Amino acid sequence: MIVTALKPLDEILDSISPYRKVLIAGCDGCTQPPRGLREAETLKKLLELAGKRWGKDFQFKVLSLVKQCDSFLTASELKPHLEGVEAVLSLACGIGPQTIAELFPELPVLPAQNSHFLGQENREGGALEDRCSACGNCILAQTGGICPLTRCAKGLLNGACGGAREGKCEMDPERDCAWELIYQRLERLGKLDLIREFRPPRNYQAKAWRLTT
Amino acid sequence: MSQPPAESQVAVKINEDYCSRCSICQSLCPFEAISKDAESGQIILEIEKCQVCGICYSACPAKAIDIIYYDCGSLLKYLEKAKPKYKSDTLVIMCKGSAPDFAGIKQIFGVSEFIPLSVPCVGRISEELLLQAMATGIDKIFILACDEDYCRFDRGSPLTGRRVLALNRLLEQLGYGREAVTLKRHSLKVKVDKDLCIACGNCAFYCPYGAPKLESVGGINFDLDACRGCGLCVAVCPAFALEMDNWERERLSTTISQLLAEMKAPKVLIFRCQWAVFPPLNGESNPHVRAIDLPCSARVDAFHILEALQNGADGVLIAACPEDDCRQEGASGRAEHFMGMLKERLNQIGLGDCLHFCHVARRDPEQLDKELEQFNQSLKALATKRGSQ
């Protein structure tokens, strides 16, 4: 899942302040939780309350699109609702505003979310955690199914760094040391020899900028 | 609010003078809150374990248990007043955990006019109360209990079933027919609108009971036998595809605007878990405060809170059970988390102080009033500060 978080409201208010008629576009797609109709309605109410306090008479329209990253769907779903709209406030991940910007070159589009990571959903505690950096060169087979590029704070492909204390990262005592997890996992799998293998530095050329399906 | 502090602030007490030490209460208490001292034989109630279901109260043969909410005397007083008001001799006693609206009750029992009596768990209704009600001229009693495995207090609903069975046998012998008291069971559950569902799995992620199943074909399917009606999934559904029986979004919106319209400023709207606070039967009298009962604090919706603030509420108070007391598998903890997030957002627009989340334990009958008093003080200070700016 793509994990996003709502931007601070003053930043959003700042970005929409030149406009009066703003369309808040949710996205039912893959963010967790989806920033769909509920999020759009809730944000509308928050911005209206804020606008009232600061004497701004915003006129919000609210809808939710199926997938803002699908340019065909977004074009057809959004078009009928744009009359009189001065700007679109997108609740999608970073892809949504870019799709809308490409589709409607004259229409200002503003992001309401900060996109953080591709995350794992953990029901215990309701947490979402970064698990994949979309590097284009998956090495999970060598690291026991644990991604060091993502989960090691230093992104080390040949760890551990020596800074961990009791299994926790020196950058953040709450955070597990990815390389310690990898060691334990490989030990259980009886494949500790894998940890001795040298992995070359990340190949940035491996990350594609376009793929056809 | 203006009530003088009670002598003692607990909801249930054992009166040692009357107690015959028979241990019936001990054997029935679903929460092991009652024990017998091995040496003295004295029956001891550990109030911190007590969930105030009232089962011990209704079962005590010596009337040695005092309960603050809905004791036999106050229920009979309510009946006396309600009879002319509802112009009926039919009484419908229901657990508020399973009670639908008026129309729903009419449909379940096939009655058009009745006196409604909603109580937290029918387990607190003793045979004595039913007989006394009949003695005052009630000619038909219906009881609506939760489905047995849905009972918030584990034993309240099954116990009432057995009680009614035994009482009806007795009454039959006295010539009251086969079914002087009719008991039916009902549970309020989630409703899914498949057309609106976006199959995101948020409900499955949060449900404390594992009732929603996200399937690769067909999206979300709810196992309604597992649903315990807390409403958490409804409050987090991103697509408004879920509704909770009796606490639908539109219904709550209508109630919010109705209540705010009849209130006087400064207005404080309370959303309370129906298990955290057992309100008195005579209703609310303070024109500045109104309350909406929810199936669990987890049903509280950011949407409705913002709606209340937009419609003129000066403050919104959320009363939830402490997590240990939550009868919905800790769903009140989720509510606290979500309300914390909402408060943070409200803080960003200078309205954070208008929202107050608090824990209220039903065993302490004055806690909500204290929280409300504190909240009112802080709202007053806020208004003064704003006025002077």
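Computation of the quantities below employed the complete heavy-atom set of this structure, encompassing side-chain atoms and omitting hydrogens, waters and symmetry-equivalent molecules. Order of the sequence lines sets the chain letters (A, B, ...), proteins ahead of strands, with each chain counted from 1. On a predicted model such as this, the values are computed, not experimentally measured, just so you know.
- Counting heavy-atom pairs under 4.5 Å between each of Ala302(B), Cys237(B), Ala239(B) and chain A puts Cys237(B) at the top.
- Proximity to chain B at a heavy-atom threshold of 4.5 Å picks out nothing from residues 66-73 of chain A.
- Look at Glu39(A) and Arg345(B) and you find a salt bridge, because one of the NZ, NE, NH1 or NH2 atoms lies within 4.0 Å of a carboxylate O, short of that distance.
- Of the residues considered (Leu13(A), Thr42(A), Asp28(A), Asp10(A)), Asp28(A) shows the highest number of contacts with chain B, using heavy-atom pairs under 4.5 Å.
- Contact check for Pro34(A) versus Ile198(B): side-chain heavy atoms found under the 4.5 Å cut-off.
- For Lys56(A), the NZ atom counts as densely surrounded, since its 6.0 Å shell holds more than 12 non-hydrogen atoms of other residues, nucleotides or ligands.
- Residues Gln348(B) and Leu46(A) fail the side-chain proximity criterion, which asks for heavy atoms closer than 4.5 Å.
- By a heavy-atom distance cut of under 4.5 Å, Leu309(B), Gln310(B) are the residues of residues 308-318 of chain B near chain A, going up by number.
- Ranked by heavy-atom pairs shorter than 4.5 Å toward chain B, the options Lys44(A), Glu41(A), Lys52(A) are led by Glu41(A).
- The most heavy-atom pairs under 4.5 Å with chain A, out of Cys200(B), Gly201(B), Gly333(B), come from Cys200(B).
- Residue Ala241(B) does not touch chain A at all, counting heavy-atom pairs closer than 4.5 Å.
- Within residues 246-268 of chain B, no residue approaches chain A closer than 4.5 Å by heavy atoms.
- Contacts between residues 211-228 of chain B and chain A, counted as heavy-atom pairs separated by less than 4.5 Å, involve no residue at all.
- With a 4.5 Å cut-off on side-chain heavy atoms, Tyr206(B) and Arg123(A) do not count as touching.
- Annotation: side chain of Asp301(B) is in contact with side chain of Arg38(A) (closest heavy-atom distance under 4.5 Å).
- Neither the backbone nor the side chain of Glu344(B) comes within less than 4.5 Å of any heavy atom in chain A.
- Of the two parts of Ala204(B), the backbone and the side chain both hold a non-hydrogen atom closer than 4.5 Å to a non-hydrogen atom of chain A.
- Shown here is Lys194(B), whose NZ atom has more than 12 heavy atoms of other residues, nucleotides or ligands within 6.0 Å.
- More than 12 heavy atoms of other residues, nucleotides or ligands sit less than 6.0 Å from atom CD of Gln377(B).
- Both the backbone and the side chain of Phe205(B) come within contact range of chain A, each with at least one heavy atom under 4.5 Å from a heavy atom of that chain.
- If you measure heavy-atom distances from Leu47(A) to chain B, you find no contacts under 4.5 Å at all.
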